[in-house]
Amino acid sequence: MEAAPEWRGTTVQVCGLWPFGAGSGTPVVGVPVGRTLNGNATLCCDPISWFQRAQLILNPSEFVLGRPGLGKSTIVRRQALGLAGYGVQPLVFGDLKPDYVDLIHALDGQVIALGRGRGFLNVLDPGESKAAAGRLTGDARRALVADAHGRRLNAVASLITVLRGVPPTDREESILHVALHVLDQRHDGVPVLGDLLKVIQEAPDVVRSTALDRGDIERYHAITEELEASLIGLLGNGRLGDMFSRPTTEPMRHDRPVCFDVSSIDDSDAYLQAAALLACWSYGFGAVSVAQALADAGLEPQRHYFVILDELWRVLRVGRGLVDRVDALTRLNRQRGVGMAMITHTMSDLLALPSEEDRMKAKGFVERSGMVICGGLPAAEMPQLTEVVGMTEAEQRMIVDWSTPPSWDLAGRARAQPPGLGKFMVKVGGRPGIPLVVRLTKAELAINDTNRRWTT
């Protein structure tokens with residue numbers, strides 16, 4: 001007996017077909033991302049709508065896993081585009097390929113190019129927080145100034161961590177903390193790292209007392225020698241070049257979609273890539289804090305952001321201590337009013353960290369995510385993945401099948417598509433997974449062509 005023909009429509013369109021109509025059973029709140037594979041129903045899915053409107057998840061974040069080339073960035077671009085329609089601004093803090101530049105251009109957003117000789121990002125630049133603080137009063141002003149100070153301190157410490165491979169000591173962080181306060185009191189305008197180095201070399205009394213030099217200037221020089229060397233390395237004489245030591249080329253605006261384009265940094269320059277990503281994250285979240293502080297004070301409308309952290313593995317592998325930096329940035333997204341998408345290839349990216357402590361923290365990124373979206377993954381990934389995301393054997397088998405290579409089709413001179421292209425499994429806690437396929441519309445094809453350099 002042949003299956004009856006099926007049509008899909010809204011409840012208004014199909015109401016006359018009662019009792020032959022049936023609900024799709026999939027969430028219809030959020031961005032339409034694709035069709036389910038086990039019913040061809042439309043699936044609407046994004047972390048902000050599922051958290052804010054549908055209340056399906058407890059945290060407006062998602063973790064996206066999948067082998068390269070199967071569409072991880074595509075599904076996140078679809079969500080970013082749809083959320084932009086809801087008034088949520090997409091923020092891409094470090095686009096390495098670039099995968100999001102065309103989308104941000106299409107949304108009339110701001111694309112900030114960074115790289116050796118192409119653009120600079122001053123990590124001591126408070127961005128719009130200085131002007132915003134002038135519009136605030138009382139506790140709100142003090143909180144914003146303190147937040148900006150802490151963010152600059154974390155940014156400098158992160159760069160030193162990348163440069164050394166280990167984080168600065170507690171004493172060095174205390175010296176940086178006090179030196180930044182001295183710098184704010186002495187310097188007019190926006191300081192750069194060279195000004196911070198100068199403060200430490202001039203050894204003002206408050207910095208010397210923080211360094212515990214016991215009144216001995218020789219002891220002070222010995223204590224700060226390594227810190228001076230690291231800061232000198234950040235001024236253009238180290239592996240990171242001078243990208244973070246000059247005035248910011250193009251300040252970020254908090255009222256527009258933004259993408260930091262770091263695709264000009266070569267893949268072999270892993271340290272600079274990681275440093276650029278961390279600096280972009282710190283600077284970008286600073287802009288988000290400014291927007292939220294102004295909104296809380298009633299000076300500007302409440303804005304929501306969809307923050308995309310792509311290629312997470314590049315940052316985590318560079319040096320010890322960077323997991324803590326990422327952890328601090330990602331843990332408070334619910335309080336900050338931002339949705340977040342963290343993207344990497346496999347669980348092995350997170351579990352390849354050298355220390356057990358860092359591996360556990362990295363696994364926490366997945367465990368804390370409101371939803372996990374899995375593309376095609378090899379079978380070896382399943383034991384690690386099921387430790388943090390409950391999956392049935394059928395779900396695991398489906399994900400592994402998506403990772404198989406395409407068939408050979410040399411006779412037809414046509415490039416066969418991988419079987420897992422555009423296919424994903426949406427998992428929320430212990431709920432059954434929702435398998436779906438993402439198909440691009442004609443309007444999206446132009447902003448999703450990541451093989452442009454291969455076209456003839």
Side-chain angles (χ1 to χ4, degrees), residues 30-33 46-49 60-62 64 71-115 118-121 125 127-128 243 248-265 273 276-292 300-301 303-312 314-315 329 333 336-343 438 440-453:
V31 177
V33 291
D46 69 81
I48 293 179
S49 301
S61 64
E62 65 183 12
V64 184
K72 296 188 301 297
S73 300
T74 299
I75 190 172
V76 175
R77 274 195 298 269
R78 166 68 65 82
Q79 292 176 326
L81 182 62
L83 284 170
Y86 289 126
V88 178
Q89 295 181 13
L91 302 177
V92 186
F93 293 153
D95 190 354
L96 289 163
K97 290 184 178 175
D99 280 344
Y100 303 90
V101 168
D102 291 340
L103 171 67
I104 299 300
H105 275 308
L107 294 172
D108 193 26
Q110 185 182 22
V111 176
I112 302 173
L114 298 176
R118 291 174 174 81
F120 304 97
L121 180 61
D125 188 346
E128 295 178 306
M243 202 175 111
T248 302
T249 309
E250 182 178 354
M252 173 184 166
R253 292 178 54 179
H254 68 268
D255 57 352
R256 295 177 63 184
V258 174
C259 174
F260 287 91
D261 179 7
V262 295
S263 60
S264 64
I265 302 174
Q273 278 188 341
L277 291 175
L278 279 170
C280 292
W281 295 358
S282 179
Y283 185 72
F285 277 112
V288 171
S289 296
V290 168
Q292 308 301 23
E300 290 195 1
R303 293 184 172 88
H304 290 138
Y305 299 94
F306 182 48
V307 176
I308 300 170
L309 305 180
D310 206 345
E311 303 288 350
L312 197 63
R314 292 181 189 268
V315 174
L329 286 172
N333 59 324
R336 288 184 177 122
V338 301
M340 187 178 296
M342 291 171 280
I343 308 169
V438 180
L440 298 176
T441 63
K442 289 183 180 178
E444 290 177 291
L445 290 176
I447 60 172
N448 281 276
D449 184 6
T450 55
N451 291 326
R452 193 171 294 119
R453 289 185 183 276

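As the structure is a prediction and not an experimental result, all values here were calculated from the model. Note: hydrogens, waters and symmetry copies are ignored here, and every other heavy atom, side chains too, is used.
- Rounded to the nearest 0.5 angstrom, T249 OG1 and L114 CG are separated by 7.0 Å.
- Put simply, CG on L278 and CZ on F93 are 12.5 Å apart, with the number rounded to the nearest 0.5 Å.
- Y283 pairs by the ring-ring contact (aromatic ring centres under 6.0 Å, His included) definition with nothing, not counting sequence neighbours.
- No donor-acceptor distance shorter than 3.5 angstrom exists from the side chain of E300 to the backbone of A291, with no hydrogens or angles considered.
- Legend: residues meeting side chain to side chain contact (heavy atoms under 4.5 Å, CB included) with A80, ordered by chain and number and at least two apart, are P90, L103, F306, I308.
- At least one side-chain heavy atom of D108 sits under 4.5 Å from a side-chain heavy atom of R256.
- Partners of S289 by side chain to side chain contact (heavy atoms under 4.5 Å, CB included), not counting sequence neighbours, listed by chain and number: D147, R151.
- The distance from the CG atom of L96 to the OG atom of S73 is 10.0 Å, given to the nearest 0.5 Å.
- In plain terms, the two heavy atoms of Q110 and E250 that are nearest each other are NE2-OE2, 3.2 Å.
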Side chain to side chain contact (heavy atoms under 4.5 Å, CB included) between V76 and Y100: does it pass, once the steps are laid out? CA-CA 10 Å; V76 175; Y100 303 90; 4.2 Å; yes
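- In plain terms, the two heavy atoms of D95 and P98 that are nearest each other are OD1-CA, 3.2 Å.
- L121 approaches C280 most closely through the heavy-atom pair CD2-N, 3.9 Å.
- The pair R77-E444 fails the salt-bridge criterion, with no side-chain N (NZ, NE, NH1 or NH2) lying under 4.0 Å from an Asp/Glu carboxylate O.
- In this structure, L312 and M342 approach most closely via the heavy-atom pair CD2-CB, 4.3 Å.
- Between the CG atom in D99 and the CD1 atom in I104 there is a gap of 12.0 Å [rounded to 0.5 Å].
- Taking both residues in full, the closest heavy atoms of P32 and R78 are given as O-NH1, 3.2 Å, listed atom of the first, atom of the second, then distance.
- Going from atom CG of D310 over to atom NZ of K72 covers 7.5 Å, rounded to the nearest 0.5 Å.
- Note that CD of Q89 is 8.5 Å distant from NE2 of H254, once rounded to the nearest 0.5 Å.
- Contact of the L107 side chain with the L81 side chain is registered, since non-hydrogen atoms from C-beta on lie closer than 4.5 Å.
- Counting all heavy atoms, side chain and backbone alike, M340 lies closest to F285 at CE-CZ, 3.7 Å.
- Inspection of the E62 and Q79 side chains reveals an N or O donor paired with an N or O acceptor under 3.5 Å.
- When side chains are defined from C-beta on, M252 counts as touching F260, because their heavy atoms get closer than 4.5 Å.
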